[in-house]
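In this text the structure is predicted, and so the values were computed from the model without any measurement. Quick note on labels: first sequence line is chain A, next is B, and so on, each numbered from 1. Every heavy atom of this structure was used, including side-chain atoms; hydrogens, water molecules and symmetry mates were not.
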Amino acid sequence: MTIFRLGYVAMSKTLEKASPSQTMTYTRFQALPDREAAIRKLEAIARSNLHNTLRLLRHNQAHGIKFFRMSSRLVPLATHEELRDWRYISALTEELKAIGDYAKANEMRIDFHPDHFVVINTPDKEVFQRAMIVLKYHFMLLHAMGVDPTHRCVLHLGGQYQDKEHALESFIENWALVPYSLQKMIMIENDDKSFTLEDCLYVCEKLNIPLVFDLHHHLANHRDVNWVNEWSRVVDTWRSSPLPLKMHISSPKSEANFKSHADYIESEMFLDFVEKVDGTISQVDCMIEAKQKDEALFQLIKDLRDSPTIKMKSNTTFNWVEV
DNA sequence: GCCCGTCAAGGAGTA
DNA sequence: TACTCCTTGACGGGC
């Protein structure tokens with residue numbers, strides 16, 4: 001039997017006025033005459049984002065959702081080079097701790113997916129250093145929340161730079177330059193145009209990093225479309241993790257626009273995945289990446305509930321969500 | 001209250 | 001070499 005736990009990304013389509021990603025651009029920040037007042041404004045925005053994150057967790061708890069990816073934009077301009085002197089963690093200690101305490105009390109898995117500008121295999125030292133600053137920002141947020149940072153940040157392998165084999169080796173070389181505390185935080189995900197499941201397995205096995213398998217990306221970019229052949233290797237990358245295996249699930253927007261995410265999840269595709277995985281592992285945490293966010297999760301649960309296939313499979317357990 | 005340009009980032013693709 | 005596009009949600013000016 002496999003337990004499938006479903007989660008969603010960053011924001012809700014049903015909870016109103018609950019953005020965790022309110023922001024201020026550096027252009028606007030700079031335009032404010034009083035720098036101290038501008039920083040206090042940034043802190044007010046961050047507090048609102050953290051408050052809304054806690055509201056989202058409460059909303060999730062009410063619907064039985066125990067898995068959630070937080071926005072990486074919780075603290076606007078936190079990693080900007082002109083704001084290095086800003087001690088945002090100490091200004092936000094209470095709000096951060098409240099999120100961690102709530103997640104722990106309700107046995108929730110919360111994590112991050114820093115955006116694709118965090119590139120570890122880059123040949124550019126400045127780009128690498130900026131990547132470290134962004135990773136450190138995520139580390140400090142988790143630390144202040146009181147959440148064990150192990151395997152809480154999903155990254156891609158990076159750029160190909162006209163030579164994929166060399167780019168893979170660059171990742172391995174640059175990995176040695178990543179502080180151990182940040183290394184422990186990272187999971188690697190296959191992407192939809194450069195690095196396939198096999199490429200990621202090569203790196204993950206070599207460096208002992210858990211692999212987050214993205215089924216949609218795999219369908220868009222693969223060597224062998226039949227991912228089941230490599231499934232046991234994916235499972236093995238999670239052997240030393242304190243967390244269950246994590247997956248990304250999304251559906252293509254259209255044939256013409258295959259790589260973009262659709263509003264909802266095709267339940268047939270999801271059921272096909274469930275049938276292939278069921279019984280191979282005790283638990284799989286599936287991150288639903290759909291434009292309609294939690295609404296898509298609710299719809300998927302509804303579709304599954306109506307599915308004759310799932311009714312036949314009495315051994316399969318979902319964390320059912322009451323709509 | 002809606003529309004649309006702008007903001008930010010690194011890489012890929014094109015001229 | 002220089003540009004445009006990709007992606008994302010939010011912001012804010014214009015109407």
Side-chain angles (χ1 to χ4, degrees), chain A residues 8-32 38 41-42 44-53 55-56 68-84 112-138 153-164 166-168 170-171 174 189-196 199 214 216-217 220-221 248 250-254 256-263 287-296:
Chain A
Y8 69 98
V9 177
M11 59 184 283
S12 167
K13 286 285 177 180
T14 55
L15 198 63
E16 289 182 2
K17 295 188 172 141
S19 169
S21 310
Q22 292 163 280
T23 194
M24 188 198 295
T25 64
Y26 186 66
T27 307
R28 301 265 167 213
F29 176 85
Q30 236 179 350
L32 296 171
K41 194 168 178 183
L42 283 176
I45 294 170
R47 263 187 211 104
S48 170
N49 288 340
L50 295 170
H51 172 70
N52 284 338
T53 299
R55 285 179 62 209
L56 286 162
F68 182 63
R69 179 197 299 167
M70 293 180 285
S71 165
S72 281
R73 302 181 195 180
L74 294 175
V75 187
L77 301 179
T79 60
H80 198 283
E81 59 179 356
E82 297 299 325
L83 281 145
R84 291 286 150 75
F112 289 112
H113 191 345
D115 60 35
H116 64 283
F117 309 113
V118 175
V119 186
I120 287 181
N121 78 336
T122 178
D124 185 325
K125 286 197 169 93
E126 284 183 18
V127 173
F128 180 82
Q129 281 312 320
R130 276 198 289 276
M132 293 307 105
I133 289 165
V134 176
L135 287 176
K136 191 180 169 195
Y137 155 76
H138 287 86
C153 279
V154 180
L155 293 184
H156 294 288
L157 283 178
Q160 294 192 83
Y161 311 105
Q162 291 87 49
D163 183 346
K164 194 161 86 167
H166 185 255
L168 283 171
S170 296
F171 186 95
N174 285 1
E189 176 195 356
N190 56 307
D191 68 76
D192 58 3
K193 57 180 179 180
S194 300
F195 297 105
T196 63
D199 297 328
D214 188 308
H216 181 189
H217 288 170
N221 176 34
H248 285 175
S250 51
S251 294
K253 193 181 176 86
S254 64
N257 200 355
F258 191 86
K259 289 175 181 172
S260 296
H261 290 173
D263 285 354
M287 182 57 68
I288 301 299
E289 294 183 323
K291 294 273 186 198
Q292 291 302 314
K293 311 290 181 186
D294 54 340
E295 199 60 59

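Among the protein residues, A:Lys293 comes within range of the sugar-phosphate backbone only, with heavy atoms under 4.0 Å from sugar or phosphate atoms but none that close to a base. When heavy atoms are screened at a 4.0 angstrom cut-off, A:Arg28 is found touching the sugar-phosphate backbone but no base atom.
Summarising the local packing, NZ of A:Lys164 is surrounded by more than 12 heavy atoms from other residues, nucleotides or ligands at distances under 6.0 Å. The 12-atom threshold is not exceeded at NE2 of A:His166, counting heavy atoms of other residues, nucleotides or ligands nearer than 6.0 Å. Enclosure of atom NZ in A:Lys41 is not indicated, since only 12 or fewer non-hydrogen atoms of other residues, nucleotides or ligands lie within 6.0 angstrom.
Nucleotide C:dG9 holds its P atom 13 Å from the CZ atom of A:Phe117, rounded to whole Å. Atoms NE2 (A:His116) and C1' (C:dT7) sit 6 Å apart, rounded to a whole Å. Following rounding to the nearest Å, A:Asp192 (CG) and C:dC5 (C1') show an atom-to-atom distance of 15 Å. Separating the CD1 atom of A:Ile45 from the C1' atom of C:dG12 is a distance of 13 Å, rounded to the nearest angstrom. Rounded to whole Å, atom C1' of C:dG9 lies 16 Å from atom OH of A:Tyr8. If you take NE2 of A:His113 and C1' of C:dT7, they are 12 Å apart, rounded to a whole angstrom.
First and last contacting nucleotides of DNA chain B toward chain A (any atom under 4.0 angstrom from a heavy atom, 5' to 3' order): B:dC7 to B:dA12.
Donor-acceptor pairing under 3.5 Å is lacking for the side chains of A:Ser21 and A:Ser19.
Atoms CG and OG, from A:Leu157 and A:Ser194 in turn, are 9.0 Å apart once rounded to the nearest 0.5 Å.
Note on A:Ser19: every side-chain N or O is 4.0 Å or more away from OP1 and OP2 of C:dG9. Residue A:Lys193 places no side-chain N or O under 4.0 Å from the OP1 or OP2 atom of C:dC6.
Ring centers of A:His216 and A:His261: under 6.0 Å apart, within the cut-off.
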